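Quick notes on the structure that follows.
When a ligand or atom number is given, it counts from 1 through the structure's own listing order. For this chain, numbers begin at 1 and follow the sequence in order. None of these values were measured; they are calculated from a predicted model.
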Amino acid sequence: MLTSSLEADWWRQAVVYQIYPRSFADANGDGIGDLKGITSRVDYLSELGVDAVWLSPFYPSALKDGGYDVADYRNVDPRIGTLDDFDEMMAALNKAGIKVIVDIVPNHTSNDHEWFKEALAAGKGSAARERYIFMDGKGPNKDQPPTDWESVFGGPAWSPSGQNDGQWYYHWFDSSQPDFNWNNEDVKADFLKTFRFWGDRGVSGFRIDVAHGCAKDMSGELPSYKELAEMTAKKLSNGNADLIHPIYDRDEVQDIYKTWRKIFNEYSPPLIAVAECWVAADRKHLYASPDTLGQAFSFDILLDQFDAAAYRKTIDFQLEGLKESGSSSTWVLSNHDVIRHATRYSLDMPVAESSDLQAHIPIYNMHLASGFTQPKTDPARGLRCARAATMMILGLPGSTYLYQGEELGLPEVANIPAAERQDPNFFRTEGRIIGRDGCRVPLPWNEKGIHHGFGEGKEPHLPMPEWWGKHAVDTALDRPDSTLNLYRRAMALRKDLQCGEALEWLDSPAEVLHYRRPNGWEVVLNAGESDYIIPEGRTVVLSSGVAVTDRVPPETTVWLTPSPSV
Ligand code: GLC
């Protein structure tokens with residue numbers, strides 16, 4: 001069947017809403033969000049006006065890393081539902097015109113995956129061990145790890161096989177997440193099967209976890225951790241495209257994605273894929289090419305402060321970088337790995353502090369404990385800036401990825417007791433990094449009532465603070481100036497705005513961003529301290545702050561249309 005280019009390009013300027021299933025809606029009352037919960041909230045998503053949802057992992061998992069430790073790629077965690085529930089959810093979402101993207105975690109499995117259990121049992125030198133990265137330990141008794149490398153979450157990156165055979169397995173993340181050996185044919189074939197499995201169930205595409213990491217070469221002499229961290233830092237900066245790293249952003253990772261692309265293109269419209277890749281800007285096009293994954297996340301704007309000049313530089317850089325692949329941009333301010341932007345913009349501290357872990361994945365460091373648990377915050381400013389920044393990115397060409405709860409203006413929950421924390425990042429750094437639980441607290445649907453409408457049974461799997469209800473969906477719907485109503489209005493208007501992918505900057509003071517889209521619509525963000533007077537001939541159709549007609553107050557974004565001529 002032929003697909004029109006319009007249908008095939010649906011993703012280029014889509015609004016994709018990320019659902020973290022365990023924290024969205026709990027229909028069966030076990031304290032964990034589930035697929036039936038999502039199905040029960042399809043109207044909410046439809047009224048919000050999103051084009052697609054991306055579901056973080058809902059597969060069977062011991063939840064050592066919030067589901068990113070997958071025990072079975074082609075099934076649903078029984079606490080979250082069944083494959084029938086998945087089909088029912090898909091049908092309900094599709095009926096409402098909402099597409100579904102699922103998360104694929106190809107870099108590692110859970111240690112509960114049957115292949116890993118088989119690998120441990122089969123012993124050294126077996127074909128089963130070849131699917132993972134096992135190496136002999138160092139020292140006469142092989143009781144020292146093969147290298148001194150640290151994992152992204154802190155602590156050693158190697159763990160003993162536990163079989164008294166002198167072997168260790170590599171895990172870039174938690175010890176419960178052994179890395180695959182992507183030179184192995186079983187691994188390659190199994191993922192093709194997984195893509196077909198979900199493709200045949202009707203998903204529209206995939207978000208690819210840690211896409212920069214699958215290809216590794218551990219065969220030669222391996223560098224020390226210090227050398228590795230230095231190589232990673234270089235690899236993450238432009239102009240080092242030729243640097244070969246043993247585990248990071250290796251060229252041959254694209255060969256894997258080229259084989260996936262062939263499968264994606266068997267579907268009509270072709271399945272999409274978006275890479276979570278932490279790579280230098282001059283490498284991103286490799287992941288976003290139409291021959292490989294097709295689109296790649298950019299987290300650059302998320303790392304910016306609320307600053308017009310910084311935003312403009314990032315936007316220009318991002319749009320320029322896309323020319324090579326022809327892909328469209330992705331704009332992201334929040335996700336399940338970072339401090340929610342309503343809080344980030346309220347922090348009176350630099351969000352990313354320096355440490356050696358930063359060389360791996362800078363965003364995780366946003367959760368450094370220092371300063372964050374007792375931050376100097378100005379929540380009202382945080383929310384004002386968050387609303388303004390979101391309205392600014394929603395006007396840009398490209399697709400916007402929203403994270404559940406940001407439409408409620410939810411802040412990060414900073415003070416989760418240690419005993420209730422779940423993130424391995426917290427445990428593996430002995431609390432030095434407080435981890436990502438604060439952005440994963442279940443959604444408040446109702447101001448009052450049991451668990452704020454998240455579920456009616458057991459306590460939610462992460463505790464809701466006592467002030468959670470004031471951010472609930474029901475009260476937000478009643479308040480015309482709520483963040484939820486702002487998002488809904490913006491999304492409805494945006495359908496007109498996304499008519500082409502060009503962007504033209506208009507003259508403005510340094511602390512103001514002012515751009516125009518091909519249909520004549522304009523977006524103005526004021527990050528300065530005084531009002532910006534709107535030039536003549538425009539009508540305000542949306543304001544992220546108070547209602548205005550002729551000016552843009554500080555920390556506000558407005559959308560403008562050309563005024564009808566009189
Ligand atoms: C990605 C995910 C993160 C997870 C990690 C390991 O960065 O977004 O949540 O912990 O991969 O799978």
With the side chain counted from C-beta on, respond yes when Ile208 and Leu293 share a heavy-atom pair under 4.5 Å apart, and no when they do not. yes
Which ligand 1 atoms does His108 reach within 4.0 Å, using its non-hydrogen atoms? 6 (C), 12 (O)
Going by the angle between their ring planes, with limits at 30° and 60°, are Trp54 and Phe297 parallel, tilted or perpendicular? tilted
In terms of ring plane angle, is the pair Phe180 and Phe191 parallel, tilted or perpendicular, where the classes change at 30° and 60°? perpendicular
Within a distance under 4.0 Å of any heavy atom of Arg440, pick out the atoms of ligand 1 and give their elements. 9 (O)
Contacts of Ser175 that satisfy side-chain hydrogen bond (donor to acceptor under 3.5 Å, both in side chains) - sequence neighbours left out: none
With under 30° as parallel and over 60° as perpendicular, where do the rings of Trp198 and Tyr59 fit, or are they tilted in between? tilted
Could you tell me which residues satisfy side-chain hydrogen bond (donor to acceptor under 3.5 Å, both in side chains) with Arg201, sequence neighbours excluded, listed by chain and number? Asp87
Please identify which atoms of ligand 1 are closer than 4.0 Å to at least one heavy atom of Phe173. 5 (C), 6 (C)
Side chains of Tyr73 and Lys193, heavy atoms from C-beta outward: is any pair under 4.5 Å? no
What atoms in ligand 1 come closer than 4.0 Å to a heavy atom of Phe153? 10 (O)
Near Arg207, which atoms of ligand 1 are under 4.0 Å from a heavy atom of that residue? 2 (C), 8 (O)
Taking the minimum heavy-atom distance to atom 8 (O) of ligand 1, which of Val338, Ile208, Asp69, Asp337 ranks first? Asp337
Using the ring of each side chain (for Trp, its six-membered ring), is Tyr248 parallel, tilted or perpendicular to Trp172, with breaks at 30° and 60°? perpendicular
Output the list of atoms in ligand 1 that are nearer than 4.0 Å to some heavy atom of Glu276, sorted by atom number. 1 (C), 7 (O), 8 (O)
With a 4.0 Å heavy-atom cut-off (strictly under), which part of Trp278 contacts ligand 1: side chain, backbone, both or neither? neither
Can you find a non-hydrogen atom of Trp172 under 4.0 Å from ligand 1? no
With a 4.0 Å cut-off on heavy atoms, is Lys64 touching ligand 1? no
Can you list the atoms of ligand 1 that are under 4.0 Å from a heavy atom of Arg436? 3 (C), 4 (C), 9 (O), 10 (O)
